[in-house]
Structure formats: structure tokens, C-alpha cells
S.K.: 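Before I ask anything, let me first share the structure, which is written out below as C-alpha cells.
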Amino acid sequence: MQLNENILKLEQNYLFAEIALRVRHFREAHPEAEILSLGINDVTRPLAPAVSAAMADAAREMQDAGRFHGYGDVQGEPFLREAIAAYYRSFHVSIGAEDVFVSDGAKSDLANLCDLFAPDSAVLLPNPVYPVFYDTSVMAGRKILFANGTKENGFLPMPDPAVSADLIYLCSPNNPTGAVYSRAQLRQWVGYARAHNACIIYDAAYEAYIRSAALPRSIFEIAGAETCAIEINSFSKMAGFTGVRCSFVIVPRTLMQDGQSLHKLWMRRQSTKYNGTSYIVQRGAAAALSAEGQRQVRQDVQYYMENADIIRSALHRSGVFTTGGEHAPYVWMECPYHMASWDCFGLLLSHYGIVTSPGAGFGVQGEGWLRFSSFGSRETIGRAAHKLAAMDWDQLALWAVNSLHAGDD
Ligand code: PLP
């Protein structure tokens, strides 16, 4: 056999597996320690009643010979695709139900979309970056270019006309930085993509967390995007589906390359490699988009955003700089005293039992930053905030220096 040499280029552990491993080691060494997790990006609120009721009804339907469902429409059941198009209309974005492909998660969608593009495509990734954008590009053997997010540009890198890319990944609201592009900025990206004949893969997984109508919730708010962009969205963070699994990809029928319709190619790919999303899950997703479902899931989003407010104000009280957390469930903190992110992560874990995500795990531009996730119970977030607000960063920095010198001889 011959291995795919590209998969050997990956870091040994996926970032969140590495964090979990370090937390496990700490827990084993200090079984008595209280651990407050603000590190992993998984939801904690239970499913909305409207969603679970719809899935229970769908499961009962399947018991009945007359209403049983076998393989469904590979693109997704029309009732759900229509509901998604109506959901987009609710924030004034016009997409066709025919352009929507329902599937089982944005992570797999991101990886699967690689099938559409030439192996030697040049990929432009933001840095810091959601690790899946990077890892799937590495596995596909792509040439990778970075657009750097910095404190100065608010972690919203803009296109450089001198850089030529075939594929551009954008994530807004952003994981890990919580930054959100404005319409004017997205217009520049769409202009760049069209000028370079590139395709934007727009990850809108956190669209539901945007709290201002002044910010765009979809790339398709931008004129021209329908000829140069694919959007990915997911029910994971909008409706607590991380364990249920349902997402969708919007591939406009107007997106063409070399006379070929990407929509048709994606349909061809899906009908070969995918057999449709569970009927029961699709009923649950449609219920999340109903008026009552939206009322319920919005309460959970609001709960997480209140958590983000609590984290931000606790960090500000301790005197550190943060960004994000206003329209995203992630608060992005600059480590004081130029501490490295894994060092700061280790100190917060060992001295306060607080788990975060080290910015360096999201790319070199994340070095010196930490991500705090607001997907916790109010109790956990409250206890962590109490410790964070009273955090003595001078003392922590001293501990960091001492632990460095401890290994000097
Ligand atoms: N895209 C981003 C930016 C994410 O942060 C995540 C999950 O954390 C995903 C996609 C994956 O979502 P899903 O649960 O639909 O696979």
C-alpha cells in the first residue's frame, strides 16, 4: 500500500483533541481540582422542545407502513429546503430552495467540497483559522496562502490584489476570533474573487449569533456573490444540533466555471458519495426553523451570548484586552505580558482550573491569544467569570517566568 503523503503532514493531534488530552492529564494529577471548561466549542443547552417533538413524531411515522420513509431526496427533503429558503428571506436574503443541499454537518461539508476543485488549487485561508479549513486543505494537497488577521485589522484580513488564489475560505462570525465582516468588507472579497476567477467558501455556522441588522448574515447579501461563492451553514450552533447532525450547503445555479455548473457537479458528487440526511433529523431541523422553533432556539442563542457578555466584562475587569464576543459565542483575549498561548492556557488550567483554547492552535497569528467559548452553563461561566475578574495577571506572569527558570539547569 501507499499512504496519502498529505495526511502525514498534519499535526499529530487535532487541536481540540490535544486540549482534551492536556485537561485529562491535569485531572488525573489533580482529581480534587474543579475544572471549568471554556475551551471546547460544543453546545450545552438541551434540544428545543419543538425540535425533539418533531423528531419523535417523525420516528413514529417511520413505524407506520403507510408513512415509512426509505432513501430520501439526496439533496434534502423539499420541506426542509423550502424552510431554509424562507429562513434566509427572514433576513432579506433571496436564495432558491433548489440551491440548497442538506447534509450531516458543516465539518464534513467543508472537507467534501474539496472534491470540486483541482488538487493544485491555491487556497487562501485567514490566519488564525478554524482548523478544519487548514487540515482539509493540507489533506487535499493544496498550496496554502494566508491572509493575516491581526489586532490592527480587527482579525478581519482583507484581500491583497497581488495575491492570486483559486479558493478563499471566509468564516464570519469567526471561529476563533469572534470577528464579523461588514457588508463593505464582504463586497471587497466578492470583487476580489470575481477579478481572480476564484471561489469563496463562506462558513456562516455562527450567523444566528449576529445581534445587529447592520452586519451581514450571508455572503449572498452581496451582489455578485451568486457567481463566485458557496455558503455553508449548520444547525449545530443555531439550534443545538451538534449531536443530532444537520447542515446545508448553498451552491447557486448561477455559479459556473469553464462552462460547467458547480451546482450540477456538486449534485453529481453528492449522489455518488452521499445517500441523504436522516428523515427524522430533517423534520427536527425544519421544526427549528418554524416560528415556535425559532422562538425557542433564539432563547438558547441569547443565553450563550449573555455568557459571552459575562466573560468579556470579567476579563475587562481584570485589565486584559479582548475582541469578539459581541456577535459570536467566542471571546478572543490577548495574553498579557506577551505570554505564549499554550503557556497562558497551562497557567489558567493549573492555577484556576479554567480551560480555554490556545490561539496558537489556530495558526501563527493566534500566538499570544486565547479563545474563551461561551457554550457553558451559566453556573460554570459565572464561577469562571468570578475567578477571571479577580485574576492577578502580574502574579501569573511571575509564575510563568519562574516555571521557565525552573528548567534552566
Ligand atoms: N464551521 C465552524 C466555523 C465551526 O466552528 C464548526 C464547529 O465548531 C463547524 C463548521 C462544524 O459544524 P458541524 O457541527 O455542522 O459539523
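Keep in mind the model is a prediction, meaning the values are calculated, not measured. Sequence positions, counted from 1, serve as the residue numbers for this chain. Both backbone and side-chain heavy atoms feed into the values below; hydrogens, waters and symmetry mates do not.
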S.K.: Using a 3.5 Å cut-off and no angle test, enumerate the donor-acceptor pairs between side-chain atoms of residues 363-370 and protein atoms at least two apart in sequence or in another chain.
M.R.:
from: Q365; atom 1: NE2; to: G149; atom 2: O; distance (Å): 3.0
from: E367; atom 1: OE1; to: S341; atom 2: N; distance (Å): 2.7
from: E367; atom 1: OE1; to: S341; atom 2: OG; distance (Å): 2.8

S.K.: A side-chain contact here means heavy atoms from C-beta on lying under 4.5 Å apart; do E77 and V102 qualify?
M.R.: no
S.K.: Compare all side-chain heavy atoms of S37 with those of T380 and state whether any distance is below 4.5 angstrom.
M.R.: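 Side-chain contact under 4.5 Å: no.
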S.K.: Indicate, with yes or no, if the rings of Y134 and Y169 have centres closer together than 6.0 Å.
M.R.: no
S.K.: Just by distance, do the side chain of R211 and the backbone of E326 share a donor-acceptor pair under 3.5 Å?
M.R.: yes
S.K.: Between F101 and H263, does the ring centre distance come in under 6.0 Å?
M.R.: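 Yes - the distance between ring centres of F101 and H263 falls below the 6.0 Å cut-off.
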S.K.: Would you say Q188's side chain and M158's backbone share a donor-acceptor pair under 3.5 angstrom?
M.R.: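 Absent.
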S.K.: Please report the closest heavy-atom contact between V100 and I250, naming both atoms and the distance.
M.R.: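 Scanning both residues, the minimum pair turns out to be CG2-CG1, 4.4 Å.
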S.K.: With a distance cut-off below 6.0 Å to the six-membered ring centre and an angular limit of 45° from the axis, does R283 pair with F79 as a cation-pi contact?
M.R.: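 Cation-pi check for R283 and F79: passes.
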S.K.: Any side-chain heavy atom of P49 within less than 4.5 Å of one from Q296?
M.R.: yes
S.K.: Restricting to non-hydrogen atoms, name the atom on L156 and the atom on V180 that form the minimum distance, rounded to 0.1 Å.
M.R.: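 Scanning both residues completely, I find the closest heavy atoms to be CD1-O, 3.4 Å.
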S.K.: Table please: side-chain donor-acceptor pairs of residues 105-118 below 3.5 Å, with sequence neighbours left out.
M.R.:
from: S108; atom 1: OG; to: D104; atom 2: OD1; distance (Å): 2.9
from: S108; atom 1: OG; to: G105; atom 2: O; distance (Å): 3.2
from: D109; atom 1: OD1; to: S103; atom 2: OG; distance (Å): 2.5
from: D109; atom 1: OD2; to: S103; atom 2: OG; distance (Å): 2.9
from: D109; atom 1: OD2; to: S247; atom 2: OG; distance (Å): 2.7
from: N112; atom 1: OD1; to: R269; atom 2: NH2; distance (Å): 3.2
from: N112; atom 1: ND2; to: S108; atom 2: O; distance (Å): 3.1
from: D115; atom 1: OD2; to: R269; atom 2: NE; distance (Å): 2.9
from: D115; atom 1: OD2; to: R269; atom 2: NH2; distance (Å): 3.4
from: D115; atom 1: OD2; to: K273; atom 2: NZ; distance (Å): 2.9

S.K.: Quick one: CD on E231 to CD1 on I219, what's the gap to the nearest 0.5 Å?
M.R.: 7.5 Å
S.K.: With a 4.5 Å cut-off on side-chain heavy atoms, are D42 and F16 touching?
M.R.: no
S.K.: Give a yes or no answer on whether the side chain of R371 reaches the backbone of S357 with a donor-acceptor pair at less than 3.5 Å.
M.R.: no
S.K.: Over 60° means perpendicular and under 30° means parallel, so tell me whether W189 and Y192 are parallel, tilted or perpendicular.
M.R.: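 Geometry flag for Y192 against W189: perpendicular rings.
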S.K.: Look at the rings of F375 and Y209 and say which category their plane angle falls in: under 30° parallel, 30 to 60° tilted, over 60° perpendicular.
M.R.: perpendicular
S.K.: Can you tell me how far the CD atom of Q257 sits from the CG atom of L262, to the nearest 0.5 Å?
M.R.: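 The CG atom of L262 is 7.5 Å from CD of Q257, to the nearest 0.5 Å.
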S.K.: Using the six-membered ring wherever Trp is involved, compare the ring planes of W399 and H351 and label them parallel, tilted or perpendicular (cut-offs 30° and 60°).
M.R.: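 Geometry flag for H351 against W399: parallel rings.
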S.K.: Heavy-atom count around E11 CD within 6.0 Å, excluding the residue itself: above 12?
M.R.: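 No, because the 6.0 Å sphere around CD of E11 holds 12 heavy atoms or fewer from other groups.
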S.K.: Work out which heavy atom in L167 is nearest to a heavy atom in S121; give both atom names and the distance.
M.R.: CD1-CB, 4.4 Å
S.K.: Using a 3.5 Å distance criterion without hydrogens, assess whether the side chain of Q294 forms a donor-acceptor pair with backbone atoms of A288.
M.R.: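 Yes.
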S.K.: How many angstroms lie between CD1 in I201 and CD1 in I230, if you round to the nearest 0.5 Å?
M.R.: 5.5 Å
S.K.: Using only atom types and a distance under 3.5 Å, with no angle test, would you say the side chain of E226 pairs donor to acceptor with the backbone of G224?
M.R.: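 At least one qualifying donor-acceptor pair exists.
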S.K.: Side-chain contact test, heavy atoms from C-beta onward, threshold under 4.5 Å: evaluate it for S236 versus V43 and give yes or no.
M.R.: no
S.K.: Assess whether atom CZ of R298 is packed by more than 12 heavy atoms of other residues, nucleotides or ligands within 6.0 Å.
M.R.: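 More than 12 within 6.0 Å, yes.
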S.K.: More than 12 non-hydrogen atoms from neighbouring residues, nucleotides or ligands closer than 6.0 Å to CD on E32, yes or no?
M.R.: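 Count over threshold, so yes.
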S.K.: One pair to check against side chain to side chain contact (heavy atoms under 4.5 Å, CB included): C344 and M333. What are the steps and the verdict?
M.R.: CA-CA 11 Å; C344 201; M333 183 198 87; 4.3 Å; yes
S.K.: Report yes or no: does Y181 contribute a side-chain atom to a donor-acceptor pair with the main-chain N or O of P157 at less than 3.5 Å?
M.R.: yes
S.K.: Check whether any side-chain N or O of R45 sits under 3.5 Å from a backbone N or O of V301 as a donor-acceptor pair, and report yes or no.
M.R.: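 The answer is no, because no donor-acceptor pair under 3.5 Å joins these two groups.
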S.K.: Can you confirm whether more than 12 heavy atoms, excluding those of E5, are under 6.0 Å from its CD atom?
M.R.: no
S.K.: Counting only N and O atoms by type, is there a donor-acceptor contact under 3.5 Å from the side chain of S374 to the main-chain atoms of Y304?
M.R.: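 It does hold such a pair.
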S.K.: Is any side-chain heavy atom of W393 closer than 4.5 Å to one of V320?
M.R.: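 A side-chain contact exists here, since the closest heavy-atom pair is under 4.5 Å.
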S.K.: Do R245 and V281 have side-chain heavy atoms sitting under 4.5 Å apart?
M.R.: no
S.K.: Identify whether the distance between the nearest side-chain nitrogen and carboxylate oxygen of R253 and D99 falls below 4.0 Å.
M.R.: yes
S.K.: Kindly check if the number of other-residue, nucleotide or ligand heavy atoms within 6.0 Å of NZ (K9) is above 12?
M.R.: yes
S.K.: Within the structure provided, determine whether I35 and F26 are in side-chain contact (heavy-atom separation under 4.5 Å).
M.R.: yes
S.K.: Short question: side chain of H196, backbone of P161 - any donor-acceptor pair under 3.5 Å?
M.R.: yes
S.K.: Ignoring hydrogens, what is the shortest heavy-atom contact between R312 and G324? Give both atom names and the distance.
M.R.: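 Distance-wise, the nearest heavy atoms are CD-O, 3.3 Å.
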S.K.: Sort out for me which residue in Y130, F155, F372, Y206 forms a ring pair (Phe, Tyr, Trp, His ring centres under 6.0 Å) with Y330.
M.R.: Y206
S.K.: For the pair R378 (side chain) and Y303 (backbone), establish whether a donor and an acceptor sit closer than 3.5 Å, ignoring hydrogens and angles.
M.R.: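 Yes, because the side chain of R378 sits within donor-acceptor range (under 3.5 Å) of the backbone of Y303.
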S.K.: Please report the closest heavy-atom contact between S234 and M238, naming both atoms and the distance.
M.R.: O-CB, 3.9 Å
S.K.: Do you know the tightest heavy-atom contact between L80 and A286?
M.R.: CD1-N, 3.6 Å
